[in-house]
Amino acid sequence: MKSSIHALLTKALENLVSRGVLESVPAEETIQVERTRDPSHGDFASNCAMMLCKSAGMKPRDLAQQIIDSLPGSHWIQEVSIAGPGFINFRFSSSAWHAEIRRVLEEGVSYGTSHLGKGKQVLVEFVSANPTGPLHVGHGRHAAYGASLANLLEAIGYDVRREYYVNDAGRQMQILAVSLWLRYLELNKVAAALPENAYQGEYIIDIARDLQAEHGDSLVRDPSGLPTVADAEDKETALSDLIAACQKLLGEDTFRIVQDKALDAILSDIKDDLSEFGVVFDRWYSERSLSETGAIDRALEKLQANNHTYIKGGATWFRASDLGDEKDRVVVRDNGQTTYFASDIAYHLEKRERGFDILLDVLGADHHGYIARVRAGLEAMGEPPASLEVKLVQFVSLFRAGKKEQMSTRSGQFVTLRQLREEVGNDAARLIYVMRSNDQHLDFDLELAKSQSSDNPVYYIQYAHARVASVTRQLHEKGYRWDPESGLSSLHALETPHELALMKTVTRYPEMVETAAMNRAPHMLVHYLRDLANDFHTYYNAHQFIVEDQALRDARISLINTARQVIANGLGLLGVSAPDTM
RNA sequence: GCGCCUGUAGCUCAACCGGAUAGAGCAACGGCCUUCUAAGCCGUAGGUUGCAGGUUCGAGUCCUGCCAGGCGCGCCA
């Protein structure tokens with residue numbers, strides 16, 4: 001509906017250009033059309049006269065009048081007027097609303113989808129948590145946000161792929177391997193201290209048990225010669241020494257067996273967890289594979305070929321500061337190993353090589369330092385830096401009975417995503433996670449999420465859906481049958497304020513999907529669905545749907561079914577179920 | 001010290017690239033179940049949008065400077 005006004009305005013402006021009133025038709029995005037907040041202003045408003053008055057050398061209201069005079073006729077438009085400083089207000093005829101309501105029922109599950117993003121490929125990378133332990137509640141927010149965002153982008157026509165970058169290389173994996181092996185020694189009654197800065201979590205013991213079942217005591221070695229971490233001044237360095245000593249003691253192949261055991265166990269747990277949460281990925285991209293496939297070498301060669309590197313102190317540096325980063329970055333250490341950053345830009349280069357137009361990364365707020373350097377990397381490799389789009393997700397604080405819970409992965413003290421899901425349910429978790437803007441800290445209150453009350457928006461929205469289903473059941477019990485065609489041709493019978501309001505909210509859905517997707521803001525959809533549910537509940541309380549008059553009954557049932565359809569579609573994009581009974 | 005995010009009703013938050021009178025929920029108070037699910041609805045009350053300037057027809061939104069909170073600034077990943 002919005003786009004039809006947009007089209008009318010564009011036509012009018014073209015007419016004015018041909019008559020010499022305006023110099024040129026402005027760019028598409030400068031012609032803004034918005035829903036009005038106040039119904040007395042009509043249904044839609046445009047500020048284009050105010051935007052263009054300066055270049056036209058006219059007063060805004062005079063230009064607005066000229067634009068109105070140049071509008072092509074349309075039987076959808078009932079009234080056009082000038083208001084305030086120069087707004088052009090449009091009011092749709094009831095037949096226009098009825099046509100849109102018909103569309104909802106005809107298009108069904110695909111109502112709200114569009115082709116805005118057609119032909120563009122987007123790679124949404126999200127979660128990408130280190131596979132060193134189970135996902136916790138913070139990762140859950142990334143999962144819910146990324147999945148909803150990907151769904152939204154898909155709904156407006158983008159070709160979307162979802163990817164999880166698996167950090168299966170590097171120091172954290174080595175610490176994990178050592179932690180597992182020490183736990184395994186424990187199970188084999190060999191005394192060995194687990195350093196406090198190793199992974200302490202209970203889940204490591206479970207994996208150690210598996211390792212023992214598979215390998216018996218064949219991986220046991222005498223740990224007495226290993227360095228201790230506990231008394232060391234610098235515990236991180238001491239831990240590195242311990243890693244090196246373990247690698248030597250076990251041998252590279254055996255160490256790898258232990259490490260891969262930990263990786264496989266944890267990764268498969270993460271996969272199960274996410275899949276149960278309704279979050280699926282097209283690909284789990286191994287960091288390790290980047291060096292194996294030569295992607296890192298390709299990236300480094302590109303940097304060198306474009307003269308963006310230099311050698312200092314035996315290391316290879318990338319001149320990131322030339323391209324907007326705050327300092328230069330090491331890509332190859334003096335010991336010849338490439339850095340995590342080298343993998344990172346190689347991964348992003350590889351995404352571009354696969355043909356993605358938009359590289360959309362969902363990252364934790366603590367990663368904001370990456371943006372400048374990865375963009376610099378892309379630019380240095382000859383890729384457009386703007387192709388990288390980063391959405392930062394702020395932290396989640398978990399509250400139980402008004403008390404904040406502390407979390408730390410290494411110490412093993414955290415609430416896992418799985419525990420959260422079991423406690424509050426997938427639906428409540430998915431919705432509450434995306435209810436707030438991504439750059440807003442989220443206070444996740446467990447008691448609130450569990451409460452089956454109006455505090456809890458998920459129930460409120462689902463309840464609206466269930467009520468429509470319930471009305472349909474009642475309808476059949478009373479021996480009636482809903483005739484959609486009769487309902488749609490009787491929509492003129494719906495003229496109470498509640499009915500008109502619901503009609504307008506329902507038909508706002510396609511615009512909402514578009515806005516939420518373009519703003520990368522699933523929370524806008526949540527707020528919309530709450531509004532819609534509110535309009536429905538209000539209507540439900542004010543009027544009886546199952547009435548004697550067949551035309552009126554069919555019209556009302558048709559209308560509430562469009563609300564049901566839109567709620568189902570919207571919740572679907574958010575990964576939340578739309579139950580028929582509650 | 002530098003950088004990113006945040007600051008809106010008692011609390012948790014909205015406000016669609018700057019739009020018309022800043023909106024919801026919770027909490028508080030008062031009403032609505034012999035009628036399709038009361039997990040609901042209606043009403044009342046609640047604001048100098050952290051502070052001070054600036055930009056313009058118009059600023060919660062943009063710019064500058066302060067104040068407060070969170071996070072980040074490794075040849076870690």
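In what follows, chains carry the letters A, B, and so on, assigned in the order in which the sequence lines appear, proteins first and then strands, with residues in each chain numbered from 1.
You'll find that the side chain of Arg467(A) is closest to G40(B), out of C76(B), A14(B), G40(B). Taking only side-chain atoms of His368(A), from C-beta outward, the nucleotide of C57(B), G40(B), G72(B) with the closest atom is G72(B). For Ala45(A), whose side chain is taken as the heavy atoms from C-beta onward, the closest listed nucleotide among C4(B), A20(B), A38(B) is A20(B).
Of the residues in residues 509-519 of chain A, Thr515(A), Asn519(A) come within less than 4.0 Å of RNA chain B through at least one heavy atom, sorted by number.
Map Ala521(A) and Glu326(A) each onto its nearest nucleotide of RNA chain B; the residue landing nearer the 5' end is Ala521(A).
Gly364(A) comes within contact range of no nucleotide atom at all, as no heavy-atom separation falls under 4.0 Å. In this structure, Asp334(A) reaches the bases: a heavy-atom distance under 4.0 Å links it to at least one base atom across the strands shown.
For the pair Arg467(A) and Tyr540(A), the cation sits on the ring face: its NZ or CZ lies under 6.0 Å from the ring centre, inside 45° of the axis.
Side-chain contact check for Gln565(A) and Asn561(A): no donor-acceptor pair (N or O, by modelled atom type) lies under 3.5 Å. Side-chain contact annotation: Trp482(A) with Ser558(A), donor-acceptor N/O pair under 3.5 Å present.
In summary, Lys2(A) and Glu514(A) do not engage in a salt bridge, as defined by a charged side-chain N under 4.0 Å from a carboxylate O.
Side-chain N/O atoms of Asn89(A) and base N/O atoms of A20(B) include a donor-acceptor pair closer than 3.5 Å. One donor-acceptor pair, N or O on each side, does fall under 3.5 Å between the base of G40(B) and the side chain of Asn541(A).
To the nearest 0.5 Å, atom OG of residue Ser128(A) and atom CG of residue Asn167(A) are 7.0 Å apart.
A27(B) and U21(B) are spaced 26 Å apart, taking the C1' atom of each and rounding to whole Å.
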Check nucleotides 9-13 of chain B for protein N or O atoms closer than 3.5 Å to its own N or O atoms and list the pairs.
from   : atom 1 : to        : atom 2 : distance (Å)
U12(B) : O2'    : Arg436(A) : NH2    : 3.0
C13(B) : OP1    : His441(A) : O      : 3.1
C13(B) : O2'    : Arg436(A) : NH1    : 2.6

